[in-house]
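Take a look at the structure below.
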Amino acid sequence: MSDKAKRHNMQNETDLPPLPAKAPGRNRHRHRHQQGVILICEDEKAQQLLYDALTAIRTCKIKVVVT
């Protein structure tokens, strides 16, 4: 079999139809687009003040991360 025929045959074997819109991904979850903001605080006190201020307006989900 020529190289061109092998490439054509391999391409046909890997071309799959698109998944249905509600089909789960490999880990049973679908990726959804989301936006985020990371704020770097000087210390834990500043983080707490900022967290309190953000929870007061509560227009989005708020997560605290410590690294």
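- Side-chain contact check for Val66 versus Gln47: some heavy-atom pair is nearer than 4.5 Å.
- With sequence neighbours excluded, the residues satisfying side chain to side chain contact (heavy atoms under 4.5 Å, CB included) with Asp43 are Lys45, Ala46.
- Partners of Gln48 according to the side-chain hydrogen bond (donor to acceptor under 3.5 Å, both in side chains) rule, which considers only residues two or more places apart in sequence or in another chain, are Asp52.
- Annotation: side-chain hydrogen bond (donor to acceptor under 3.5 Å, both in side chains) contacts involving residues 55-67, sequence neighbours excluded, are absent.
- Annotation for Ile40: hydrophobic cluster partners, listed by chain and number, are Ile38 (ILVMFWY side-chain heavy atoms under 4.5 Å, direct or chained).
- Ile62 is not connected to Val65 by any chain of hydrophobic side-chain contacts under 4.5 Å among Ile, Leu, Val, Met, Phe, Trp and Tyr, and they are in different clusters.
- Contacts of Glu44 classified as side-chain hydrogen bond (donor to acceptor under 3.5 Å, both in side chains), with partners at least two apart in sequence or in another chain: none.
- Using a 4.5 Å cut-off between side-chain heavy atoms of Ile, Leu, Val, Met, Phe, Trp and Tyr, with links allowed through other members, Ile57 and Leu50 fall into the same hydrophobic cluster.
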